[in-house]
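In what follows, a structure is listed as structure tokens, so that the remarks can point back to it.
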Amino acid sequence: MRGSSRAAAIAGAKALDAALAGGVDRRVLGDELLAVVGVIDGSATLRRALADPSREGTEKQALAERLLDGKVSAEAIVVVKNLVGQRWATERDLSDTLEDLAVTAILAGAEQANRIDRVEDELFRFDRIVAGNPDLRDRLTNRQGDVDAKAGVVSELLEGKAAEETVRLARQAVLAPRGRKLDRTLERYLGLAAQRREQVTAVVTAATDLTPQQRERLATALQGIYGKPVLLQVVIEEQVLGGIRVQVGDEVVDGTVLRRLDEARRHLAG
């Protein structure tokens with residue numbers, strides 16, 4: 001985001017924090033904000049009107065209130081009015097930020113119920129299951145696919161097995177990708193969960209699972225690098241043969257045997 005949108009997003013986050021601190025039902029607030037995202041995404045005219053930097057903020061806030069009054073809670077209206085009253089560099093920045101706040105509200109509900117760790121892990125596992133099954137991935141990401149069928153697949157995979165917040169966010173990622181690929185949407189949600197917990201997430205790819213002692217040593221080493229607690233998400237891939245590959249955000253440290261063998265082969269071939 002450019003400068004004006006970054007400042008607007010910060011202001012919106014403060015408005016959400018105030019709503020959460022007021023004792024609002026966090027899951028309901030998240031659902032309401034996601035519904036508003038759907039309305040904005042569905043109308044180019046409305047999206048332009050709410051994000052238009054040439055219009056007065058109070059005018060845009062009045063429009064949002066007329067649109068939402070009686071349809072969502074007072075807390076949701078306050079958050080939306082705060083957002084649309086800001087100055088946005090692009091229309092997409094407004095709707096993306098609103099989606100982020102909605103997801104954050106749902107994650108805050110999981111945090112309040114002491115299951116945000118579980119939700120983060122389940123979303124990660126859901127992402128890995130979909131990524132590892134081409135047929136499943138096609139069924140969930142086909143833009144011409146039946147919406148009810150996609151929802152049914154998510155329910156079949158997660159209902160009764162995962163936290164309610166996991167199911168809600170997985171369904172949102174599948175049914176309303178907003179032009180993004182499913183893996184990128186889930187990655188965004190996981191980033192928001194890590195941010196909520198004030199930690200970083202490291203995806204560790206290894207040939208075999210790490211022992212508790214190995215996990216502790218690696219997490220401690222990474223915490224020394226990044227200055228925050230580190231959550232390890234371990235992915236087992238036998239083809240790496242040995243060693244580990246660690247990814248934190250866009251940074252990758254690849255120490256697998258497979259990579260070293262590939263480098264040796266390229267060296268000999270050269």
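- Every residue two or more places apart in sequence or in another chain that forms a side-chain contact (heavy atoms from CB on, under 4.5 Å) with E159 is listed here: S155, V167, R171.
- Across all their heavy atoms, R115 and A163 have their closest contact at CD-CB, 3.9 Å.
- Taking all atoms of both residues into account, the shortest heavy-atom contact from I236 to T208 is CD1-C, 3.5 Å.
- You'll find the side chain of K228 stays beyond 4.5 Å of the side chain of E198, heavy atoms only.
- Counting all heavy atoms, side chain and backbone alike, K81 lies closest to A64 at CG-CB, 4.5 Å.
- Applying the side-chain contact (heavy atoms from CB on, under 4.5 Å) test to A173 and every residue at least two apart in sequence or in another chain returns L182, T185, L186, Y189.
- With contacts defined as side-chain heavy-atom distances shorter than 4.5 Å, the pair T201/F124 does not qualify.
- Here the CG-CD distance, from L83 to Q86, works out to 7.0 Å after rounding to the nearest 0.5 Å.
- Note: R128 CZ to D183 CG = 10.0 Å, rounded to the nearest 0.5 Å.
- Side-chain contact check for D96 versus R180: some heavy-atom pair is nearer than 4.5 Å.
- Across every non-hydrogen atom of L107 and I116, the tightest pair is O-CD1, 3.7 Å.
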Item to check | side chain to side chain contact (heavy atoms under 4.5 Å, CB included) between V153 and V174, intermediate numbers included | outcome: CA-CA 10 Å; V153 172; V174 169; over 6 Å; no
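- Taking CD1 from I77 and CD from Q61, the interatomic distance works out to 12.0 Å, rounded to the nearest 0.5 Å.
- Applying the salt bridge (Lys or Arg N to Asp or Glu O under 4.0 Å) test to K60 and every residue at least two apart in sequence or in another chain returns nothing.
- Rounding to the nearest 0.5 Å gives a distance of 9.0 Å between CG of L192 and CG of L101.
- Residue L231 belongs to no hydrophobic cluster, having no ILVMFWY side-chain heavy atom closer than 4.5 Å to its own.
- Hydrophobic clustering places V39 together with V37 (ILVMFWY residues linked when any side-chain heavy atoms are closer than 4.5 Å, directly or through intermediates).
- With sequence neighbours excluded, the residues satisfying side chain to side chain donor-acceptor pair (under 3.5 Å) with T166 are E122.
- Pairs of residues two or more places apart, or lying in two chains, that qualify as side chain to side chain donor-acceptor pair (under 3.5 Å) and include a residue from residues 3-13 are S5-D93.
- Between E187 and K181 there is no salt bridge, since none of the side-chain N atoms of the basic residue sits less than 4.0 Å from a carboxylate O of the acidic one.
- I129 meets the side-chain contact (heavy atoms from CB on, under 4.5 Å) test with L136; sequence neighbours excluded.
- Side-chain contact between V200 and L222 is absent, with no heavy atoms from C-beta onward closer than 4.5 Å.
- Judged purely by atom type and a 3.5 angstrom limit, Q214 uses its side chain to pair as donor or acceptor with the backbone of T211.
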Item to check | Trace of the side chain to side chain contact (heavy atoms under 4.5 Å, CB included) decision for L140 with V154 | outcome: CA-CA 8 Å; L140 292 178; V154 174; 4.2 Å; yes
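- A continuous path of hydrophobic side-chain contacts links F126 to L34 [ILVMFWY only; heavy atoms under 4.5 Å].
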Donor-acceptor list for residues 7-26 side chains, cut-off 3.5 Å, not counting sequence neighbours:
| from | atom 1 | to | atom 2 | distance (Å) |
| --- | --- | --- | --- | --- |
| D25 | OD1 | R27 | N | 3.2 |
| D25 | OD1 | V28 | N | 3.2 |
| R26 | NH1 | A108 | O | 3.1 |

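- Using a 4.5 Å cut-off between side-chain heavy atoms of Ile, Leu, Val, Met, Phe, Trp and Tyr, with links allowed through other members, V230 and L210 fall into the same hydrophobic cluster.
- Counting only heavy atoms from C-beta outward, the side chains of L63 and V84 never approach each other to under 4.5 Å.
- By the salt bridge (Lys or Arg N to Asp or Glu O under 4.0 Å) test, D52 is found to be paired with no residue, residues two or more places apart in sequence or in another chain being considered.
- Here R217 pairs with nothing under the salt bridge (Lys or Arg N to Asp or Glu O under 4.0 Å) rule; sequence neighbours left out.
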Next on the checklist: Set out, in order, the CA-CA distance, both residues' side-chain angles and the distance that settles side chain to side chain contact (heavy atoms under 4.5 Å, CB included) for L46 and L67, then state yes or no.
Outcome noted: CA-CA 10 Å; L46 176 62; L67 175 70; 3.7 Å; yes
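- Few gaps surround CD on E59; more than 12 heavy atoms of other groups in view lie less than 6.0 Å from it.
- Looking at residues two or more places apart in sequence or on another chain, you find a salt bridge (Lys or Arg N to Asp or Glu O under 4.0 Å) between R197 and D117, E120.
- Residues W88 and L50 share a hydrophobic cluster, clusters being chains of Ile/Leu/Val/Met/Phe/Trp/Tyr side chains in contact below 4.5 Å.
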Next on the checklist: Pair Q199, Q223 - check side chain to side chain contact (heavy atoms under 4.5 Å, CB included), show working.
Outcome noted: CA-CA 9 Å; Q199 68 176 17; Q223 182 172 341; over 6 Å; no
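- In this structure, E75 and E32 have side chains that are not in contact, with every pair of non-hydrogen atoms separated by 4.5 Å or more.
- Between R245 and E237 there is no side-chain heavy-atom pair separated by less than 4.5 Å.
- Defined by atom type and a distance below 3.5 Å, a donor-acceptor pair is present between the side-chain atoms of R178 and S95.
- Looking at every heavy atom in both residues, D209 comes nearest to R215 through OD1-NH2, 2.8 Å.
- Pairing each heavy atom of E165 with each of I106, the nearest pair is CG-O, 3.7 Å.
- D41 CG to E99 CD: the interatomic distance, rounded to the nearest 0.5 Å, is 8.0 Å.
- Within the 4.5 Å cutoff, the side chain of R125 has heavy atoms near those of the Q233 side chain.
- Enclosure of atom CZ in R55 by more than 12 non-hydrogen atoms of other residues, nucleotides or ligands within 6.0 angstrom is indicated.
- In terms of hydrophobic clustering, with Ile, Leu, Val, Met, Phe, Trp and Tyr side chains grouped at heavy-atom distances under 4.5 Å, V203 and I244 are assigned to different clusters.
- Rounded to the nearest 0.5 Å, atoms CD (E164) and CG (L158) are 13.0 Å apart.
- Among residues two or more places apart in sequence or in another chain, the side-chain contact (heavy atoms from CB on, under 4.5 Å) test is passed with D148 by D146.
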